[in-house]
Every structure is written in structure tokens, then in C-alpha cells.
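Naming: A, B, ... by sequence-line order, numbering from 1 per chain. Please read these numbers as outputs of a predicted model, since none were measured by experiment.
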Amino acid sequence: MATHALQTFPVQPGLKLSDPLGTIWGVLVALVLDADGAGRWQKLHDDGTPAGPAMVASSLASAVASLERARPRWVWADTSEVYPVLLAAGVRVDRCWDLHLTEALLLGVEGRHREPKELAGALARVLGLPAPADAGPPKKDDALTLFGPEPVVLPGDTDPLAALSLVFRAQQRNPALGLLIAAESASALVAAEMTFHGLPWREDVHNRLLQEVLGPRPAPGQRPKLLQALADEIQEAFGGREMNPDAPASIVKAFARAGIEVPSARRWVLKKVDHPAVKPLLDYKERARLWVAHGWSWLDTWVEDGRFRPDYVVGGVVTGRWASRGGAALQIPRLMRQAVIADDGWCLVAADASQLEPRILAALSGDERLIEVCGDDDLYAALARDSFKGERPRAKIAMLSAMYGGTSGEAGPLLAVLRKRFPIAVGYVEDAARAGEQGRMVRTRLGRTSPTPSAAWQELTGGADESGESSSSSRQAARNWGRFTRNFVVQGSAADWTAALLGVLRTKLPADAHLVFFQHDEVLVHCPRADADAVVEAIAAAGREATRLLFGETSVRFPMNAVPVTCYADAK
DNA sequence: ACTCCCTGCGCC
DNA sequence: AAAGGGCGCAGGGAGT
């Protein structure tokens, strides 16, 4: 089958350039940071051409604070490099244009995805900035290949400030991405602010939890007491023969010696096994996980002065979700959320968008029947009443299978029911899957574009053999990519929605309220108790605004649960 | 001693 | 019950 890499999956038209995330146009100020904390700035016209002389700011903070009174859009290379410096100096800004994130989005839409590291290096070189240590080797024609289709030609000695202006101009090449770029850039501001403020984290509570689960902190190289006791019990159950519960291969071997063949040592596999070692083994795994991933050394490394400060990586996931670097910030175990406690006199407003992805699918596809189901706060319950004899678990499996491409178990028949009742919604994700299988790109609501499959994939799926049959590995590769694109449109559009939410929310919060955590579809705001009601209202308003920005006057409901709590574990 | 892959599991 | 999407991280173990 021929592939048409540049043929795109249909996108909804009609997105507007100006938006409450801040007018794209208006006052623009390019800013370059110098090594010693000083900086240089220059006003730009709407089209990116310089609107005044380049200025040197010996005190960056006061210069930026002063210029910020006009609410400009700051144009800079990389928010994650520049903004932390400003925040540390006590300066908050309203809006920005992040050249790095923007270029990644533009290249993606043009079918020219680049590895993040490689792009960082290329941009740094073009902008005359120090390249990150792990950037790839320079390419001679970086400037020419980055900013197509009209290449930017920069003389080798171009001043960084002038380079900002030129690159910004080149980045006006796809006006349809305006809202996405604004939302992505605003997300980068949020991410830096979250790291700056930090997530409140009570070391004493964390230590108490560890004591309960593992016993006292062991000497280095030693197992915690309670884990050792379980390890002994497991070995006893296996007849006393040497085995290591931390090594999956050792577990499989131990069961084999006991006459039980298990394909792996995964929890759900072992759960089904009838053997006295299973219970202590599962217990061991659960506790050991906390020790290894969120134990004392995690606490030593990541929590300081009562705050957990991971780095968030905006756009770190191809779908547009954030990633994180350090401290497994997006995988905080539920148990450990007990350590997330508001400061005295403050509270945490915990908010999540309930069942975001199916609602996104309803709005994307415009399936009237699914939109009606979205009228219920519990979408799966409503779906169950509509199509699955009130059986909520089945309704949920059916919906998840549609969005993830699941086929196993009862997913197939359940999906068939869903397809019959909601042909438009299911058709939407199945079109996306077909596009992926054929090597075409798909897009999210705001235009973020899926990568083109690798050359190896193209090769593998590119043709039939002499008998006209495609190989099973070829079909499998195609199906795998189809599952990816199927999910991409939903997960990615949900990420669009949350990016818009974050961008709007940070402008609506009371001055002392800080966004301190964000995880795919939930946010935590740390604020004085007196501000709690205002924060709840701001979150609700931001949710409505995000919905309007993505989908206009849709009737799809996106309920936000927002509740003030003292402790994160008390939310939900 | 170091890197790299695999396994397994935490989160959405 | 089991296996579909996206991640980060740590330990084990193999390879260098």
C-alpha cells in the first residue's frame, strides 16, 4: 500500500487568532539573557521587525518589571531557561512567545519532527546562544532547514537579539497555529511557576508513612526491616531455597521449581497463582516499590524546605502532554499524597476534569448522541444506561477500547455495541486509526500533528510481497501505528484543552494563589484559605473558557471537580 | 566500571 | 479479567 505521509487527517476549521490567552499581536518585546544576569531587549513590530533600538538592561528584573506594565508578549528563545531567572528575581510576566516550543509545533505540522535535544541544539546555534550539553552535533544548514519553507538566512555573526526577531518572523508562517502556540507558551510559564513555588511536601508525614510501610530507615545497602521479614517469609514458602524477590527472573524460576510455570513475574499474573508465596510476594512488591521509587533517598533528593520542585517538560510527550524530569513528578503514588499538605492558614484547591477524554471525543466528532451522554456528570453511568443495560464497567471498557484501540477479551463485542449506537464518535477515532495505518499524519483540535512513522516502518509496511500479501509483521506494525494515531487525536486534544485551561487559569487566580501541580487532567492550587472560593470559581471559569476556545459554543459539558482540601489525599 | 536493554510498576 | 494509548524511573543482568 502506498503511503501519503503529507496527507493530513481532517482538522476542524475556524480557530481564531486572538484569544483570552492574550492577543497574539500587540506589544512585542524580544529578550535575551546574558550570562551575568544582565540582559538585552528590543521592542518589535507585529511582524517581528525591530520597533526600536536594542537596549541593555543592567538590572534585568527591574527592566522587565517596568516593561511588563504594558503587558507585552515577551519573545524569547526558551521559557524554561529565561523565566526561572526572572521568577527568582521576583518578576512575573503575563504572556510570552516561546521560540523553541513554537518551532517544535511548526516543524511537526510540516511533517518534519525533530528530536527535542536536536532541536534545542539547532535553535541555540541559530540564536547564537550556548547549546545545551547534550545537544546533537551541529548541522551546517540548521538555519536553512529549521525555518522553512522560506528559509531564514542568518550571517554567522548575527546578534542574538536580531536572531530572535528573524526567527519570530519566520514563525509567523502558519497562522492557524496561533492559539496552540499561545497555549503552549502559556503552559511553559505555568511550568516554570510551578517549579518556582513548589508542591508543599511534609517530610515528617512522608517519614511516618515510610516507617509504617517499611520500618525504620535502614543502613545503606540494607533492606528495610519489614521488607526483609517479607523476603524471609517468601523464601520460606519456597522451601528455603535462595531467591531474590527483586529479580523477576528469580521469581519465575522459584515458581518453576515449585512446579508452577508463570510467563512473567507481573503482579496480575502472580495474583492468579495458588501458592503460599504469592501473598507475601505481592505485599513485598507493593512496599518495595514505595521504598525504591519514593523512599528516603527520594525524599533526600527532591524535597527541600517543605517543597517538591520537579522540572516539568512542556510538550515533552508527542501528544502534547507534559513530561517531567526528576522525582517522577507525574507518578506520585496515592499513598504519598498524604504528605502533600497546605501551609498553615492555606489550602489546596484540587481540581480535575472528570472523564475528559470521552468528552473530548464527543466534542471532536460532534456525535449528538454522545454529546447527550456527556450531559451527565458521570458519563460512564449515562453511557451504561443508554447502551449497556446499566453495566457501568462494560460501558467504560467499551469507551476506553474505542480510544485506545483495545481488542482483547470482551472489548471487541462491547466496541461493536458502541459503534452501532455512536457511529460518528467511533468513526472519528477509527478514521484516525486508518490514517495511521496508512502512514498519514493526524492532528489534534488545535493542530498539533502526529509524527510521521520512521523509515523502518515505511519500509516494513510499504508494500506487499510477490504474492500480493503483506506480511504479518507488516500488518502488525500498521495496526500498532494506527492505535497510536487513534489515541493521539483524543489524548492530544485533551492536552490542548488542558493547556488552554492552564493558560486562562493563571490569569484568573487571585494574586496569592499559585498553581503548584498539574498532571494531565488535574491541577492543584495552593492559596490562602480566604481565597478558596475565588479559586474554585476561577477554575470553573477557566474550564468553560477552555471549552469555548477549542470548540466554540458546543453543548458538550466538561465538568470540573474543584474542592478545597488541606491534604491532597483528601481530594476525591 | 560503564552503558544499554528489559522488566515491572507508579501515574493519567 | 486482561492488555489497548502516553510517560519516568529503578534494579537486574548482559554486554563492553
Side-chain angles (χ1 to χ4, degrees), chain A residues 116 221 223 243-253 262-272 281-282 284-295 297-298 301-302 310-337 352-358 360-361 393-394 396-412 414-415 429-430 432-433 436 442 444 448 450-451 476 479-495 497-498 517-523 568 572:
Chain A
R223 268 201 189 108
M243 63 88 61
N244 178 6
D246 292 320
S250 175
I251 295 173
V252 171
K253 229 184 274 174
V262 286
S264 74
R266 291 184 173 86
R267 205 163 59 92
W268 62 266
V269 170
L270 301 185
K271 244 182 191 165
K272 297 181 301 189
L281 194 47
L282 294 179
Y284 180 93
K285 277 170 169 269
E286 196 174 336
R287 293 172 196 253
R289 168 77 194 181
L290 285 168
W291 176 43
V292 165
H294 287 87
S297 64
W298 182 91
T301 309
W302 293 108
D311 281 330
Y312 298 96
V313 187
V314 172
V317 179
V318 281
T319 57
R321 277 185 172 183
W322 292 16
S324 67
R325 196 164 30 217
L330 303 183
Q331 298 122 264
I332 300 170
R334 292 191 164 270
L335 181 77
M336 288 305 173
R337 295 178 185 186
D352 73 297
S354 68
Q355 303 150 341
L356 178 59
E357 292 190 349
I360 289 287
L361 176 56
R394 286 170 186 269
K396 189 171 175 180
I397 289 170
M399 184 54 79
L400 293 177
S401 301
M403 295 186 300
Y404 292 162
T407 51
S408 69
E410 53 178 348
L414 290 175
L415 185 51
V429 283
E430 292 188 339
V442 297
T444 68
R448 188 187 307 269
S450 66
Q476 193 185 337
R479 270 202 309 275
N480 288 347
W481 198 257
R483 274 198 302 277
F484 166 62
T485 52
R486 169 196 292 262
N487 185 248
F488 184 95
V489 296
V490 178
Q491 185 184 119
S493 297
W497 188 88
T498 52
F517 191 59
F518 167 63
Q519 180 174 238
H520 310 314
D521 65 355
E522 64 175 312
V523 296
Y568 185 20
K572 285 188 182 176

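- Applying the side-chain hydrogen bond (donor to acceptor under 3.5 Å, both in side chains) test to A/Ser324 and every residue at least two apart in sequence or in another chain returns nothing.
- Residue contacts for A/Ser401: at a heavy-atom cut-off of 4.0 Å it reaches no nucleic acid atom on any strand shown.
- Within the 4.0 angstrom heavy-atom criterion, no nucleotide atom of any strand lies near A/Ala411.
- A/Ile251 comes within contact range of no nucleotide atom at all, as no heavy-atom separation falls under 4.0 Å.
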What string of B, S and - do you get for nucleotides 1-12 of chain B 5' to 3' if you count protein non-hydrogen atoms under 4.0 Å?
------SBBBSB

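- Using a 4.0 Å cutoff to heavy atoms of chain A, the contacted part of DNA chain C runs 5' to 3' from C/dA1 to C/dG13.
- Residue A/Gly326 is classed as a sugar-phosphate contact, given heavy-atom separations below 4.0 Å to backbone atoms only.
- Residues forming a side-chain hydrogen bond (donor to acceptor under 3.5 Å, both in side chains) with A/Gln355 (at least two apart in sequence, or on another chain): A/Arg359, A/Asp378.
- Within the nucleic acid shown, A/Ala328 comes within 4.0 Å of sugar-phosphate atoms alone, with no base atom in reach, counting heavy atoms only.
- Residues satisfying the side-chain hydrogen bond (donor to acceptor under 3.5 Å, both in side chains) test with A/Glu410, not counting sequence neighbours, are A/Arg394.
- Annotation: side chain to side chain contact (heavy atoms under 4.5 Å, CB included) contacts of A/Asn244 (sequence neighbours excluded): A/Arg223, A/Asp246, A/Ala247, A/Ser250.
- Checked by atom type and distance alone, the side chain of A/Arg486 pairs as donor or acceptor with a backbone atom of A/Ala402 at under 3.5 Å.
- Residues passing the ring pair (Phe, Tyr, Trp, His ring centres under 6.0 Å) test with A/Phe518 are A/Trp322, sequence neighbours excluded.
- Stem list for DNA chain C (at least 3 consecutive Watson-Crick or G-U pairs, distances under 3.5 Å): B:1-12 with C:5-16.
- Every residue two or more places apart in sequence or in another chain that forms a side chain to side chain contact (heavy atoms under 4.5 Å, CB included) with A/Trp298 is listed here: A/Trp201, A/His206, A/His294, A/Trp302, A/Val303, A/Phe308.
- With hydrogens and angles disregarded, a donor-acceptor distance shorter than 3.5 Å links the side chain of A/Thr485 to the backbone of A/Gly482.
- Scored by the side chain to side chain contact (heavy atoms under 4.5 Å, CB included) test, A/Val269 finds A/Val262, A/Pro263, A/Ser264, A/Arg266 as partners (sequence neighbours excluded).
- Heavy atoms of A/Val318 sit under 4.0 angstrom from primed sugar atoms or phosphate atoms, though from no base atom.
- Counting only residues at least two apart or on different chains, no salt bridge (Lys or Arg N to Asp or Glu O under 4.0 Å) pair has a member in residues 396-406 of chain A.
- With its glycosidic angle more than 90° from 0, C/dG5 is assigned anti.
- Checked against side-chain hydrogen bond (donor to acceptor under 3.5 Å, both in side chains), A/Arg448 has the following partners two or more places apart in sequence or in another chain: A/Glu184.
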